[in-house]
*Asks:* 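Starting off with a structure, shown below.
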2 protein chains.
Amino acid sequence: MASHGARGRSGGRPTLEEVAARAGVGRGTVSRVINGSPRVSDATRAVVEAAVAELGYVPNTAARALAANRTDAIALVVPEPETRFFAEPYFSDILRGVGAALSDTEMQLLLIFAGSDRERQRLAQYLAAHRVDGVLLVSVHADDPLPDMLSQLEIPAVISGPRSAAETLASVDSDNYGGARQAVEHLIGRGRRRIAHITGRLDVYGAQRRIDGYRDALSDAGHEVDELLIEPGDFSEEGGRRAMAALLERRPGLDAVFAASDVTAAGARQALREAGRRIPDDVALVGYDDSAIARHMDPPLTSVRQPIQEMGRAMIDLLLTEVADRRPSMARGLERRQMVLATELVDRASS
Amino acid sequence: MASHGARGRSGGRPTLEEVAARAGVGRGTVSRVINGSPRVSDATRAVVEAAVAELGYVPNTAARALAANRTDAIALVVPEPETRFFAEPYFSDILRGVGAALSDTEMQLLLIFAGSDRERQRLAQYLAAHRVDGVLLVSVHADDPLPDMLSQLEIPAVISGPRSAAETLASVDSDNYGGARQAVEHLIGRGRRRIAHITGRLDVYGAQRRIDGYRDALSDAGHEVDELLIEPGDFSEEGGRRAMAALLERRPGLDAVFAASDVTAAGARQALREAGRRIPDDVALVGYDDSAIARHMDPPLTSVRQPIQEMGRAMIDLLLTEVADRRPSMARGLERRQMVLATELVDRASS
DNA sequence: ATCACTTGTGGGAGCGCTCCCACAGTACCT
DNA sequence: AGGTACTGTGGGAGCGCTCCCACAAGTGAT
């Protein structure tokens, strides 16, 4: 019934043109007003704003995107091969920070899953089509091709957790080194002497930094580092269990464990139980992340809290700066593109 | 430097017009091919597809949205006043189901937070501007104006967890009634006789259904329902603690508790501990949700698992049907718009 | 041979916006 | 008086698509 041409007319949402007519000005002027251009007189601006309000005008995003060649959307890409990522509050918290930061802007948030190969394929198309102004990358592995693809396409991107000390992409991270130090210093302060460390996945830069922090904290306190007290884990519960069992076998006299994640600590706790060690009486336990698991573990787990929500915020801030920079090409920013946020030790009964 | 007109030309992404030229056909034909219209000869289709492949053509979404008056995007709206919602795996799981279902389609997923007033405001604008083809609503309260706004705007929507038995919106839910029955029947089967129930928030329909299930399971087993064994909670940990304390005071002889959520159960466990009751020896405990908390609790918590990922999938399926129906106005579907998925009891050490 | 369909195709018009050029008006120098 | 420089404004052109009308060509009934 309704012809193509008539579609928009009949009772549809008002267009910029209709606002212009109503306000008795030209299209360009209305456009300037709604985009906050300074080149409009106060009187005209007031008239236009009144017309906008009266008509309930809301700009059409599609038209704007087409004309301006930008989308006002950013994507949060979740390379979700590992279920782990989702099972932890980490993700939700990042999302909250991102959401909060975004609600101050006009940007919209696209959520893209890039777990399966087909999803990756689709993502590549998205990016190639420049359907987003910028990309947020969380939990990326060292060998992921995604970051390079992004720089090749010149799409602004921010990564959470740099891939190495030489990360070229803008990044936001918590202070893994400092967090590990806090944990170990806390244990030392509690009188522990034989402190073990169950690491994270060794191909994750942050896990390396935690090892460095562990080492330095011991050295600086005048303890020497016993390499046999360091056992590789993989952030998983089962990995934590295995690593703990190995450590108990090798160094039965250990009196504390710093685990690279809460989940790892949960696994370690199991192994400790099975070996008949009491927590914290025989062995003190400290985790990392301060996730829900830490609060509900028995005994409640001392853990290093990362300001995850703030990290989400910071990622958005960085990304929006990059996006803006890329727009009418201002002098490129002062290269403050790596951001590290402080951690905090949450002291509970396990240590 | 680059003029407006030159922007797209210089090395930019290929347009439909360029594909048409390359294939030696008209624009309309290319459009038909990429949209899968049957009114194209096989020969022509092959030629066009070859051109698309050679040029690496990807349609411009903004242009398509503008011309066709649709967005190919749906929004997942999170009315996130309560942090609880986020702290639980529920959200992530829904998201995973939604993401999985969506990866089979061309739809993109927008994540919209509608916690604060300002965010609500923005959401209203979004919806008014018809920036999405459909909306997914999770964890909506009985008195939320959002659902009505959506039907007024005639935007297809699916709600997770109907607001009442008379829900008018399409909805997906797990079998709260059946799940509660499973839990209670399990406890009865274990020889428990004085089974208490800590409810969820009473303004949540699902919580009501769980109470019904609790009641009927007892009645059908020939037990009579002791109203003083039912204590209202609010899904929170603190609420669980409080309710449990009240129950212990009122009915010290109880030998089992069915809590309306895992978090509630965690609170109850605390109160039981403080009262010196052992789990499961003195009091058996069953939760609901089978979240990470259940696995890590001490002892591990028996819980009713909802197929949350499947629920996400189902929501998408329902929504896409609605969106399609609304498009070239086919005969409206057969009104199978409420969907209920089965639950499963996960038996652990707490019962 | 004529008419009436059907199938496949080309291309004009239009979606609602931004960008930019042109130009009127005003202000301040020479 | 004429220049030069701004500020503010209007509106044409164009972004890359979809929709639809027009029309060519083929098919079969009359």
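All values below come from the heavy atoms of this structure, side chains included, with hydrogens, waters and symmetry mates left out. Sequence lines set the chain letters: A, B, ... in the order given, protein chains first and strands last, and positions in each chain run from 1.
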*Asks:* Measuring from the side chain of B:Thr44 (C-beta onward, heavy atoms only), which nucleotide among C:dG8, C:dC19, D:dG16 has the closest atom?
*Replies:*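 The answer is C:dG8.
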
*Asks:* Hey, is the side chain of B:Ser31 poking within less than 4.0 Å of OP1 or OP2 on D:dC17, counting only N and O atoms?
*Replies:*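 For D:dC17, neither OP1 nor OP2 has a side-chain N or O of B:Ser31 closer than 4.0 Å.
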
*Asks:* Rounded to whole angstrom units, what separation is found between the OH atom of A:Tyr57 and the P atom of C:dG16?
*Replies:*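 The distance from OH of A:Tyr57 to P of C:dG16 comes to 10 Å, rounded to the nearest Å.
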
*Asks:* Can B:Asp104 and B:Arg313 be counted as an ion pair, charged N to O under 4.0 angstrom?
*Replies:*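 B:Arg313 and B:Asp104: salt-bridged.
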
*Asks:* What is the distance from CG of B:Leu66 to C1' of D:dG14, rounded to the nearest Å?
*Replies:*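 In whole Å, D:dG14 C1' and B:Leu66 CG are 12 Å from each other.
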
*Asks:* Expressed in angstrom and rounded to an integer, what is the separation of B:Leu16 atom CG from C:dC15 atom P?
*Replies:*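 Computing the B:Leu16:CG to C:dC15:P distance gives 19 Å.
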
*Asks:* Looking at B:Ser41, I'd like to know whether one of its side-chain N or O atoms comes within less than 4.0 Å of OP1 or OP2 on C:dT9.
*Replies:*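 Affirmative; the distance criterion is met.
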
*Asks:* Does B:Glu322 form a salt bridge (Lys or Arg N to Asp or Glu O under 4.0 Å) with B:Arg337? I'd like the steps, not just the answer.
*Replies:* CA-CA 9 Å; B:Glu322 300 243 320; B:Arg337 306 177 353 116; 2.4 Å; yes

*Asks:* Take the protein atom CG of B:Asn35 and the nucleotide atom C1' of D:dC19, then report the distance between them rounded to whole Å.
*Replies:*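 Interatomic distance, CG of B:Asn35 to C1' of D:dC19: 11 Å.
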
*Asks:* A side-chain contact here means heavy atoms from C-beta on lying under 4.5 Å apart; do B:Ile316 and B:Ile74 qualify?
*Replies:*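 Answer yes - side chains close enough.
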
*Asks:* Decide whether B:Gln108 and A:Tyr126 meet the rule of one side-chain donor and one side-chain acceptor closer than 3.5 Å.
*Replies:*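 B:Gln108 vs A:Tyr126: donor-acceptor pair found between side chains.
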
*Asks:* Which listed nucleotide (D:dG16, D:dC20, C:dT18) is nearest to the side chain of B:Asn60?
*Replies:*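 The closest nucleotide is D:dG16.
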
*Asks:* Rounded to the Å, how far apart are A:Asn69 CG and C:dC17 C1'?
*Replies:*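 Rounded to the whole Å, the gap is 13 Å.
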
*Asks:* Ignoring backbone atoms, test whether A:Thr29 places a side-chain nitrogen or oxygen under 4.0 Å from the OP1 or OP2 oxygen of D:dT9.
*Replies:*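 No, outside the criterion.
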
*Asks:* Can you tell me which nucleotide in C:dC15, C:dC17, C:dT7 comes closest to the side chain of A:Ala67?
*Replies:*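 It is C:dC17.
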
*Asks:* Kindly point out which of D:dG11, C:dT9, C:dC19 is positioned nearest to the side chain of B:Val40?
*Replies:*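 For the B:Val40 side chain, the nearest candidate turns out to be C:dT9.
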
*Asks:* Among D:dG10, D:dG16, D:dC20, find the nucleotide with the atom closest to the side chain of A:Arg32.
*Replies:*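 Given the options D:dG10, D:dG16, D:dC20, the side chain of A:Arg32 is closest to D:dG10.
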
*Asks:* Picking from B:Asn69, B:Ile34, B:Thr71, what satisfies side-chain contact (heavy atoms from CB on, under 4.5 Å) with B:Arg64?
*Replies:*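 Testing each of B:Asn69, B:Ile34, B:Thr71 against B:Arg64, the sole residue satisfying side-chain contact (heavy atoms from CB on, under 4.5 Å) is B:Ile34.
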
*Asks:* Give a yes or no on whether a donor-acceptor pair under 3.5 Å exists between the nucleobase atoms of C:dG16, that is its base, and the side chain of A:Arg13.
*Replies:*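 No, the side chain and the base share no sub-3.5 Å donor-acceptor pair.
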
*Asks:* Base, sugar-phosphate, or nothing: which does A:Arg64 touch, judged by heavy atoms less than 4.0 Å apart?
*Replies:*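 Here A:Arg64 touches the backbone only, sparing every base.
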
*Asks:* Counting only distance, no hydrogens or angles, is the base of D:dG8 paired donor-acceptor with the side chain of A:Arg45 under 3.5 Å?
*Replies:*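 Check fails, no donor-acceptor contact within cut-off.
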
*Asks:* Whole-Å distance between C:dC15 P and A:Glu18 CD?
*Replies:*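 Taking atom P of C:dC15 as the reference, CD of A:Glu18 is at 10 Å.
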
*Asks:* Whole angstrom is fine here: how far is it from CD in A:Glu17 over to P in C:dC15?
*Replies:*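 It works out to 9 Å between those atoms.
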
*Asks:* Nearest-Å distance, CZ (B:Arg39) to C1' (C:dC5)?
*Replies:*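 In whole Å, C:dC5 C1' lies 12 Å from B:Arg39 CZ.
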
*Asks:* Given C:dG8, C:dC17, D:dG16, which nucleotide is nearest the side-chain atoms of A:Ala63?
*Replies:*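 The answer is C:dC17, which lies nearest to the side chain.
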
*Asks:* Ignoring hydrogens and angles, does a donor from either the side chain of A:Arg27 or the base of C:dT18 sit under 3.5 Å from an acceptor on the other?
*Replies:*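 Answer yes: a donor N or O sits under 3.5 Å from an acceptor.
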
*Asks:* Locate the shortest heavy-atom distance separating B:Leu146 from B:Arg120; write the atom from each residue and the value.
*Replies:*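 Heavy atoms of B:Leu146 and B:Arg120 come nearest at CD1-NH1, 3.9 Å.
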
